[in-house]
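Keep in mind that this is a model prediction, so the values were computed, not measured. Every chain is numbered from 1, with letters handed out A, B, ... down the list of sequences.
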Amino acid sequence: MDYNKSIDQKWQKYWLENRLFNMAVDKDMPNKYYCLVMFPYPSSELHVGHARNYVIGDAVGRYKRMMGLNVLSPMGWDAFGLPAENQAIKHKIHPETWTLKNIKRIKEQLASWGIGYDWDREITACLPDYYRWTQWVFLQLYKKGLAYRKEAFVNWCEGCQTVLANEQVVNGGCERCQTKVIQRKLRQWFFKTTAYAQALLDDIKLLENWPERVKTMQTNWIGRSEGTEIIFGVDGSDIKLKCFTTRIDTIFGATFLGLSYDYSLLPELIKNLPNKKEIEAFIEKVKNQSLSAKLVDSFEKEGMFTGLYAVNPFTGKKIPIWIANYILPGYGTGAIMCVPAHDGRDYEFAKKYNLPIIEVIKPNTEEPRAQSQELFEDEGILVNSGEFTGLASRQAYEKMNVFLEQKNIGKAAVNFKLRDWLISRQRYWGAPIPMIYCDKCGEVPVPEADLPVHLPKNVEFLPTGQSPLTYVEEFKNTTCPKCKGKARRETDTMDTFVDSSWYYLRYISPKNDKIAFVKEDVNRWLPVDQYIGGVEHAILHLLYSRFINKVFYDLGLVGFKEPFAKLFTQGMIVKDGTKMSKSRGNVVAPDYIIDKYGADAMRLYILFIGPPEKEAEWQDEGLQGTARFIQRIMRLVDTLGEYRDSDKTSDLNAIEKDLRRKIHSTIKEVTDDLEGNFQFNTAISRIMELVNQIYKGMQEGALRKSIYRQAVDTVFLLLSPFTPHLSEEVNSIMGNKGSILKRVWPKYDPAYLQADEFEIAVMVNGKVRDKLVVASGAAQAEIEKKVVELEKVIKFLEGKQPKKIIYIVNKMVNIVV
RNA sequence: GCGCGGGUGGCGAAAUGGCAGACGCGUACGCCUCAGAAGCGUAUGGGUAACCCCCAUGUGGGUUCAACUCCCACCCCGCGCACCA
């Protein structure tokens, strides 16, 4: 039998017509399994690197279906976003036209690979029946005070006249025109993710089936740190400066105070200073030094003394107040106490500006430290610290916090690295933020009944630094929902991560035009049982989704705290060592593969290429290998008719028994591989072993029809999640009615796993010297008697008496001399 | 700098305390063929004339009858975060 395209097409049509991947959600589903693959951004057609994601999801879904679960596998499109708009600017094609065209193409591709989805549930983020509800999500947060507007610094490119996302800033410049990016203050909408920092952190422990790596990344991103808030008075002023520190034990060594350029009280502080102009110039300079992560090492620390002094509440001494470029805006209070003796950054700064360095912590160890080592950053024992001298750092934290609290000038405090989520984009191709500004009533949310706020189609795409919506008068001008007077619409759109932060809920009721999702149905089907996607979403998408889900939980809209019970992150497929991309010209298109070898060969190779969570290098030769394997198993089908079932009642011969054992052990191992961490690569290699053994048995002419049939049937059943077209075809050739998906996943019989005999290794002092065939489960005494008579053993014993003999049943025996 | 992965043949890899290299690719030789392709078979970690033996899972130590696997130290690669006080 030859494998050709018509087989693919035949079964793809069959699955669609028989609605094998459609699932009703409105009734009780005891064995529900929500299998979700991250929906793609439809930017161009998919290559084999993308394919891995969908092939894995499909294999899991098919396997779970055969295990008797009711599997929901929906698909949709994360269809808003910058690339569509850039296409519009460059090629004068409307973002919607471009996007919908891509969606059509990708849909064809997915179908041609035999990926089964419930297409009745398709959602498209850029269409009003979806973004209406994204706007609704915004309003729910707004109602709860979790969406708010404030002035914030944003990355601004003068060249492109636009705001850039952090990811679009490369080495301090614009990724497109390399112009230096500056910080500009704009009024922006935020979601208050910080209100959920602790909950997002705490509930990571509920995510038992998430990769450790992703959990660690989220933990670090949230970045909780415990420390102390301490208030410094300013000499000759009423202003109080609040600092955050994790090392209050070093307070006696604080020799200056550092402020960031955006410290809230800074303008007031310098208001009456004679050198105000100078300071303002310095602030302006620092503000536009863009802090690109990669440049940290070479980043020159700079500061300016304000002329003012703060008072250290522990020592009563005056310490100078500096403004410094290394103090991060937006973290903690923006002001820190600086201890050069015990902080590397402060040390570097103090050296440069000749500020005093006072040692207040000594190492805990006896070992003397080199004299030259002025900097010591670990915890230790306090010295030069007044009444606290002699305490260990840990004890000092507590005592000093109590001291501060008693004097009402500080307390223990917690800080997070996590910032609020800036969702405003000065862009066209996104969901309009449903807010209206009225001169009389101020900020007014669009009433839910008025949703969606339609995105107008007819706009000019010019990079002006404003959303193109700013120039659409009929969009911008509206009436106030409260006073019916003249008002303006918000012209910014939402970050596309908002669209994707709740889509997994919408799949449950994708067509409902009354409500975003039906609570009962959602509670029945979620959390998602298996979420599959790229590790590049480990932080943003997965954190935002968790955040939105938690808000919904608190609002009583959903009954689960976490949206994704189990997460699998697949590795990238690379070519020539780098990520596939059009610009590098190393993209492998699936179409020619499908033409030449069929969809199943591509699927099988993608799954066989290596552990799915790891990066893998694409090699065309490897693909030929799996194509060859497919030819090999198809020939098994041809041979099927040649076998005569002469005597099916008679006992199996030795070779047949071996084959039966192999059938059962393969079922066991493949099932274990799939139940574990999706070890498709080893699952497939085990099936290859089974096929090799069938061939061997055939060559020896020892196989009769019934065991042969059983073996072939098992091969195709076990392969069916990976090579569904082929398995369906063979299943029907073998006389089964209906889809193989409706068949039950094979079960192994433990009684058939055990062999009668084993070849065990015979070792002397841990080195293999001989082999011995023994009956299964042979007793130690029997083995001991046999091994000492072996020629090789006698040779390596060199006449000595064995001290000990270790025997592991059916595995090995080790003679220790 | 901190955190998380990882380092095994010519290549993708397997083995999580019990015979290192399953399975596949590649390569070589053979069969089939007029010939080629496909297919089939055999071999394939290194040293070696040798399936006698020795060496071999990044490096060096340790635990154990037995270590790719566990422990300690170090080196290298990848990813994430990165002046978070």
salt_bridge(A:Lys579, A:Glu536) N-O dist < 4.0 Å: no
Side-chain H-bond candidate by donor/acceptor type, A:Thr194 with A:Asp420, under 3.5 Å: yes
A:Phe244 vs A:Thr216, nearer the 5' end of RNA chain B by closest nucleotide: A:Thr216
Where protein sits on nucleotides 15-28 of chain B, one letter per nucleotide: B base, S sugar-phosphate only, - none, heavy atoms under 4.0 Å: ---BB--BBSSS--
Pairwise C1' distance for B:rG3 and B:rG18, with rounding to whole Å: 35 Å
P atoms of B:rG62 and B:rA14, separation to the nearest Å: 30 Å
Nucleotide B:rA82, atom C1' - distance to NZ of A:Lys301 in whole Å: 12 Å
Separation of the P atoms in B:rG30 and B:rA22, to the nearest angstrom: 25 Å
Sugar-phosphate only, base, or nothing, as touched by A:Ile609 at under 4.0 Å among non-hydrogen atoms: sugar-phosphate
Atom-to-atom span, CZ of A:Arg213 to P of B:rG80 - whole angstrom: 9 Å
Pairwise 5' ranking along RNA chain B for A:Thr246 and A:Lys804, keeping only the more 5' one: A:Lys804
Crowding at NZ, A:Lys215 (>12 non-hydrogen neighbours, <6.0 Å): yes
Rounded distance in Å - CG (A:Asn765) to P (B:rC65): 11 Å
A:Lys352/A:Glu300 salt bridge by N-O under 4.0 Å criterion: yes
Separation of B:rG1 C1' from A:Tyr347 OH (nearest whole Å): 17 Å
Short side-chain N/O contact from A:Tyr326 to OP1 or OP2 of B:rA85, under 4.0 Å: no
Minimal non-hydrogen separation, A:Met38 against A:His541, with atom names: CE-CD2, 4.2 Å
Integer angstrom distance from the C1' of B:rG12 to that of B:rG17: 27 Å
Separation of atom CD in A:Glu377 from atom P in B:rA85, rounded to whole Å: 12 Å
Closest to the A:Arg635 side chain, choosing from B:rG80, B:rC79, B:rG39: B:rG39
Between B:rU57 and B:rA20 - C1' atom distance, rounded Å: 7 Å
Separation between the P atoms of B:rC25 and B:rA38, rounded to whole Å: 12 Å
A:Glu784 side chain to A:Tyr807 side chain, donor-acceptor N/O pair below 3.5 angstrom: no
Exceeds 12 heavy-atom contacts within 6.0 angstrom, atom NZ of A:Lys301: yes
Salt-bridge present (A:Lys668, A:Asp672; N to O < 4.0 Å): yes
P gap between B:rC23 and B:rA73, integer Å: 39 Å
Sugar-phosphate, base or nothing in reach of A:Thr219, heavy atoms under 4.0 Å: nothing
A:Ala755 versus A:Ser776, closest heavy-atom pair with distance: O-CB, 3.2 Å
Rounded distance (Å) that lies between atom C1' of B:rA85 and atom CD1 of A:Ile319: 14 Å
Rounded distance in Å - CG (A:Asn220) to P (B:rA82): 10 Å
Under 3.5 Å side-chain donor-acceptor pair for A:Ser393 and A:Asp249: yes
List every contact pair, protein side and nucleotides 50-54 of chain B side both N or O, where the distance is under 3.5 Å.
from: B:rC54; atom 1: OP1; to: A:Arg769; atom 2: NH2; distance (Å): 3.4
from: B:rC54; atom 1: OP2; to: A:Arg769; atom 2: NH1; distance (Å): 3.2

Conformer about C1'-N of B:rG9 - syn within 90° of 0, anti elsewhere: syn
A:Leu753 to A:Arg661 - nearest heavy-atom pair and separation: O-CD, 3.1 Å
Inter-nucleotide C1' distance (B:rU59, B:rG6), Å rounded: 16 Å
Parallel, tilted or perpendicular: ring planes of A:Tyr353 versus A:Phe349, cut at 30 and 60 degrees: tilted
Cationic N near anionic O, under 4.0 Å, A:Asp343 to A:Arg247: no
Watson-Crick or G-U stems of RNA chain B, 3 or more pairs, under 3.5 Å, by first number: B:1-7 with B:75-81, B:10-12 with B:23-25, B:26-31 with B:39-44, B:45-47 with B:53-55, B:58-62 with B:70-74
Atom-to-atom span, NE2 of A:His342 to P of B:rA85 - whole angstrom: 17 Å
